[in-house]
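Just so we're on the same page: letters track the sequence lines, and every chain starts at 1.
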Amino acid sequence: MQDTVATLISALLGAGLYATMSYGLALIYGVMKIINLANAGVLMLGAYVTWWMWDGFALNPLLAPLIILPAFYLFGVVLERIAVRRVLEQEPIVSLLLLFGVWLILQNIAYAVWTGDTRSIETPFVEATFKIWGIQLALPRVYVFVAGALTLAVLQLFLTKTQFGRAIRAVAQDREAARLAGIDVDRIYSAAFGLGIALSAFAGSLLSLIFPFGPDFGQTLQLKSFCIVVLGGLESFVGVAFGAIVLSLAEAFGLRWMPASYQNLISFVLLVVVLIAFPKGIAGLLRSLRRV
Amino acid sequence: MSKSARLIAPAVVAALLLAVPIALPHAEYLLDIFFLVFLYGTMATSWNVLGGFTGQVSFGHAAFLGIGAYATALLTAAGWPLLATFPAGGALAALFSLLIGPPAFRLRGPYFAIATIGIGEASRLIALNWSSLTGGASGVTLNSAPSVVAQYYTAFAVCAGAVAATAWIKASRFGYALAAVRSDPDAAETLGVDTTIAKTQALLISAFMLGVAGGVYAMHNLYVSPDSTFGFSTSISLVIMPIIGGIGTIFGPLLGAAIFTGLREQLEANPFLAKYSLDLSVFGLLLCAIVLFEPRGLLGVFDRLTGLLRRKPPVARPLESTGSTRG
């Protein structure tokens with residue numbers, strides 16, 4: 001029993017992390033209908049920048065997002081303006097290849113600036129643990145979970161309550177109708193892409209508190225993000241959070257029957273099963289069930 | 001180029017390449033470079049059958065290379081003659097493709113591409129964990145390699161076979177079916193092409209050729225491990241080479257492979273490039289530039305240049321420009 005509760009809690013905490021690293025992917029897909037294959041590179045750079053500011057300038061890693069969010073937003077906007085915009089109207093595979101190229105360049109930046117060595121952040125906060133009902137918990141994991149949940153709440157408020165957020169949703173639902181209603185669709189694209197990149201970098205910054213990382217960091221996480229976003233139906237943030245919980249639970253409980261070295265296979269199997277069985281994600285499946 | 005020149009030029013190049021080891025039997029470094037171009041050329045050509053001709057971009061093709069490499073490593077250890085292991089590896093890779101093809105092809109475009117990342121990663125994990133067969137992370141070592149010249153001819157034969165096969169496919173009825181699947185799967189379906197079967201056949205051919213290439217790789221490297229063969233970086237290079245050279249063309253993948261090999265060698269020789277792993281940037285920038293400006297790759301650039309040189313009568317221009325669509 002104690003064991004099951006511990007597994008559940010650790011799965012939930014993991015879900016917060018998984019959800020955070022998938023919001024950016026979901027936002028960009030929802031609005032622009034392209035898959036950001038550079039996501040893993042952005043996650044990795046977010047982690048590096050956090051580490052670098054801590055290591056070089058003694059900046060508390062918890063404050064790093066204050067710099068990371070605006071910097072990566074800007075990076076995303078520029079990338080959208082100079083490259084991504086040109087391929088939006090082409091076959092989806094073209095943008096995928098373009099962003100794949102961007103990923104390689106981002107990886108190279110990390111190799112060139114910070115070498116291939118594995119880095120990790122070591123502060124008292126990162127190493128702190130505490131006990132609750134006899135279950136040992138790592139403080140940074142709880143912090144990352146809370147940050148992920150807060151991000152979801154803020155995003156949800158932003159998208160439903162603000163004018164700009166509503167414009168983003170309008171473009172996601174129907175680009176042409178939004179344009180007719182007077183929304184500057186190109187500006188929304190830039191903003192959504194920038195925001196998506198900023199969210200991924202933020203997730204990378206949070207990840208750096210938990211995992212050691214190198215330039216190839218994010219590759220397996222990328223696959224998990226895809227799995228989560230596909231599970232969640234590719235468009236809504238609540239769906240993403242839901243997908244994150246499903247994956248996290250499947251991984252945590254799957255480990256009881258299979259060796260730990262196969263853990264990363266779970267996300268792949270889930271991804272393929274969901275893509276093939278319910279192409280609209282579990283959220284889409286529930287929606288269509290409700291309609292029947 | 002006239003039609004006869006198109007047939008003669010490759011034959012002349014092939015004859016010259018066949019003569020290289022006879023003229024320079026001791027230039028081991030040079031022969032080694034050529035060997036790598038043939039090997040990478042075979043790999044890129046194989047990927048191109050599915051990714052270029054059929055338009056199904058796969059980020060997990062390393063799986064087939066890995067299967068072929070392990071087949072050669074394990075079967076030679078079991079006493080098989082080396083050359084017999086190549087078709088065996090190809091057949092095993094083709095068998096694996098039949099296992100994953102039908103479910104994966106229910107997905108389209110970017111979804112298929114993402115699923116293939118998973119397929120590649122899953123196959124790597126299986127190779128890593130199935131230690132009783134694969135030796136796990138420590139990999140498998142082969143005992144002896146044929147001479148450099150023998151390796152050269154083996155790789156040349158495999159590469160020439162792959163290129164000839166793709167040239168034949170491209171001109172065949174099957175090739176037209178693949179082109180139809182690439183440009184519009186729904187229209188192809190209405191015209192009587194079973195797109196799933198066409199894609200599965202393309203994957204099967206692609207997988208078989210990569211399986212054979214895996215065997216050639218193992219013969220040369222004398223060591224195979226999950227990361228070196230099944231790794232994501234192998235899949236990445238399989239995507240990069242044909243796109244740089246010219247996706248969907250017959251010789252584009254070879255050109256891409258030659259550039260890839262040259263850059264890799266430069267990187268090893270040049271400490272500045274090596275220190276900053278600049279190959280990633282070079283390939284990344286090339287990829288971005290090609291996608292943005294010339295989707296037909298360097299062969300497309302070449303075509304444009306020769307088009308500029310060869311002045312055409314001004315009257316023919318407008319017809320020509322409407323006839324050739326980009327990409």
S.K.: Please find the pair of heavy atoms, one from A:Leu96 and one from B:Ala113, that lie closest to each other, and give the distance.
M.R.: CD2-CB, 3.4 Å
S.K.: Is there a side-chain contact between B:Leu280 and A:Ile105 in this structure, where contact means two heavy atoms from C-beta onward sitting under 4.5 Å apart?
M.R.: no
S.K.: Could you give the distance from CZ (A:Arg85) to CG (B:Leu292), rounded to the nearest 0.5 Å?
M.R.: 13.0 Å
S.K.: Pick one of side chain, backbone, both or neither for B:Phe112, based on which atoms fall under 4.5 Å of a heavy atom in chain A.
M.R.: neither
S.K.: Should B:Ile240 and A:Leu104 count as side-chain neighbours, where that means a heavy-atom distance under 4.5 Å?
M.R.: yes
S.K.: Using side-chain heavy atoms (C-beta onward) and a distance below 4.5 Å, is B:Asn129 in contact with A:Leu265?
M.R.: no
S.K.: If the condition is ring-ring contact (aromatic ring centres under 6.0 Å, His included), which residues does B:Phe232 pass it with, not counting sequence neighbours?
M.R.: A:Trp103
S.K.: To the nearest 0.5 Å, what is the distance between CD1 (B:Ile114) and OG (A:Ser225)?
M.R.: 10.5 Å
S.K.: Let me know if A:Val94 has heavy atoms under 4.5 Å from chain B in its side chain, its backbone, both or neither.
M.R.: both
S.K.: Given that the side chain runs from C-beta out, which part of A:Leu98 has a heavy atom under 4.5 Å from chain B: side chain, backbone, both or neither?
M.R.: both
S.K.: May I ask you to test the A:Phe100-B:Ile243 pair for a side-chain heavy-atom distance under 4.5 Å?
M.R.: no
S.K.: Under 4.5 Å between any side-chain heavy atoms of A:Val102 and B:Cys288, yes or no?
M.R.: yes
S.K.: Quick check: are there more than 12 heavy atoms from other residues, nucleotides or ligands sitting under 6.0 Å from CZ of B:Arg264?
M.R.: yes
S.K.: Using heavy-atom distances under 4.5 Å, tell me whether A:Leu37 contacts chain B through its side chain, its backbone, both, or neither.
M.R.: side chain
S.K.: Are there more than 12 heavy atoms of other residues, nucleotides or ligands under 6.0 Å from atom CH2 of A:Trp52?
M.R.: no
S.K.: Looking at B:Val239 and A:Leu97, what are the two nearest heavy atoms and their distance?
M.R.: CG1-CD2, 4.0 Å
